[in-house]
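Note that ligands are numbered from 1 as they come in the structure, with each ligand's atoms numbered from 1 the same way. Bear in mind the structure is a predicted one, so any value in this text is a computation, not a measurement. Quick note: numbers below take in every heavy atom, side chains included, and nothing from hydrogens, waters or symmetry partners.
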Amino acid sequence: MDQTGTVDNLLTEERVFRPLPQMVRQANLSPQKCEAARKLAADDPLSFWEEAAEELYWFKRWDQVLDDSNPPHYRWFPGAQCNIVYNALDRHIETAAKNRLALIWEGEPGDSRKYTYYELYRAVNRLASALRGLGLSKGEKVVLYLPNLPETVIAMLASAKIGAPHCLVFAGFSAKALRERIRSTGASTVITADGFYRNGRVIALKNVVDEALSGEDSPWVRRVIVVHRANVQANMVEGRDFWYEDLVRHERPQAQTEAMDANDPLFILHTSGATGKPKGVVHSHGGYMVGVNRTFSWVFDIKATDIFWCTADLGWVTGHTGAVYGPLMAGTTTLIYEGHPLYPQADRFWNIVSKYGVTILYTSPTVIRMLKRFGSQYPRRHDLATLRLLGSVGEPISPETWMWFHKHIGRSECPVLDTWWQTETGMFMISPLPVSLLKPGSVGKALPGVEVDVVDREGNPTPAGKGGYLVVTKPWPGMMSALHNDREGYFQDYWKLIPGCYFAGDVARRDEDGYLWIQGRADDVLNIAGHRLGTAELESALVSHPAVAEAAVIGVADPIKGEVAKGFAVLNQTAAPSPALAEELRQHIRRELGPVASVREVVFRDRLPRTRSGKLLRRVLRAEETGQDISQDLGDISALEE
Ligand code: PRX
């Protein structure tokens, strides 16, 4: 890292898309309302967030909107009592939402289940009663080792309802990863399934839990609840293990919703660990529900008639905010899918969109590139006319990927809302709104009530066009309340580098219009002949070549330039690797970005190393280059998605 901490900019993307008149006419947040909201938020952010809080139900009102007496340990809505589940379910039972669809689930084999708000409410109450019957009480942690099933949503809500923080562990993680997470959260209860379907196979789960709980130094768990999903033989331990269906069958469909202090924990979620060890991020009921409710319903312009599909696994924050709490608080219908995007073939997603009439599709660049690789004939086979908004999250989306998504999935009509946020931020932070002017590849501007900046190492704002560290300069309600059992890490990792600011770990630049462009993770910045370059622009240039489906770029040591770039490309189905193509790709990047972007070589790969949540693991590629063994450090995230 150099002294200044700024990053050069090579990309010039000049395409812009104006919102269509019907979009502006129908938007809940008109351009005028949007301006007014920005103004109120800038002049008086606490009143802005207080107004947002008043849209929700509280058992007891707050003494203060924000207690900032001990930064960076901010407390939102101290003195208030609430429960996010009251807002996501209970209150809808009193309104016309009662009989509306809350949840649509599709299993990989094609089976499907639907729940109205009333049905979901009753299912959650049954499980909440059962958990209480087993002696689970407020404050005890529940680990959910579950794939995308209705019971996963029910278990999240039932735990939160009785005040037991949930900790989802992605169902693809190993016994070792699961054991570490159970141990570090001190959970007394695990909810899992016998197995599930993924890419045409049955993946057994309960036996992974058994392995995680066996042997010396195994964590102490009193209850294991098993959802019957895939007819896998499960070894049930007497007195500890219970079938979910047996537990809930005779339970009452009423259960009291626990009144929680606004700052009581709602969930613990471990970060995906693309650049470091996983950390246990804690979110609390009050601030999280206010931040998510406001930003989710504004960005996705939620209407009662929507069918909202967030394709993420429930085990990531995108699943928590984007598939469960966001849509249910907004009273819309959320759709979740159990399986693989390519099963049984590359049109599964488009089949789901047309079958259920999905209106909003929220997914990630990794998924879009994966589907794009198979070409536009797959989406063309289906009627995608119900779609009105598209969303992207998780990584920088290259302008070409954005264009494909917009054209082939969005009929060149649906805005692509590229939302920037993190496990730690809980809620959307930077995103266009449906009425915004869009620039492919840009995340737009910070949402009203969110203050961000791009700064150098000293914390000084960088000029337009020059990249630097992305920081959040004011507290926001969805912010994590702590790192689990790691007060020092919370300060060191996020608040120390730029005093007074939240350090997101990303590099970004702001253009002349104030639009933000994420350039990659700060840890991945390249330094070529004194130019510091973000990875996103180089990778975007590489994937803008028609032969390339996916790309990664890393810096490798060079005696003269200090560092040079090396590219890795996964080719489209129709292209074949050759030395001539590698050379053409090098030249292509140079043509796109100029001579600074000289890439020493481009090599072809069948796939790229990614975390389970789809993030590029550039440090694996760097370690391969230098022959360094990082398997120890990678731990459970080295198990890659197939
Ligand atoms: O690097 C940014 C990238 O994902 C990181 C956060 O990862 P995680 O906590 O797993 O949460 C992912 C989903 C909220 C960020 O630091 N990231 C997220 N969204 C975007 C993004 N990079 C570019 N554009 C985005 N829209």
Thr318 heavy atoms within 4.0 Å reach ligand 1 at atoms 13 (C), 14 (C)
Atoms in ligand 1 flagged as close to Pro396, the criterion being non-hydrogen separation under 4.0 Å: 22 (N), 23 (C), 24 (N)
Under 3.5 Å side-chain donor-acceptor pair for Asp511 and Trp517: yes
Quick one: does Gly394 get a heavy atom under 4.0 Å from ligand 1? yes
Contact atoms of ligand 1, heavy-atom distance to Thr423 under 4.0 Å: 8 (P), 9 (O), 10 (O), 11 (O)
Between atom CZ of Arg610 and atom CD of Glu395, what is the distance when rounded to the nearest 0.5 Å? 5.0 Å
Classify the angle between the aromatic ring planes of Tyr490 and Tyr494 as parallel (below 30°), tilted (30 to 60°) or perpendicular (above 60°). tilted
With heavy atoms of Val393 as the reference, note each atom of ligand 1 found under 4.0 Å away. 13 (C), 14 (C), 19 (N)
Between the candidates Gln422, Met427, Lys615, which shows the shortest non-hydrogen contact distance to atom 7 (O) of ligand 1? Lys615
Counting only nitrogen or oxygen atoms and a 3.5 angstrom limit, does Asp506 reach ligand 1? yes
Would you please name every residue forming a ring-ring contact (aromatic ring centres under 6.0 Å, His included) with Tyr515, sequence neighbours left out? none
Report the relative orientation of the aromatic rings in Tyr325 and Phe267; use parallel for angles under 30°, tilted for 30 to 60°, perpendicular for over 60°. parallel
Check each heavy atom of Val443 against ligand 1 and say whether those closer than 4.0 Å belong to the side chain, the backbone, both or neither. side chain
Taking the six-membered ring for Trp, are Trp76 and Trp49 parallel (under 30°), tilted (30 to 60°) or perpendicular (over 60°)? perpendicular
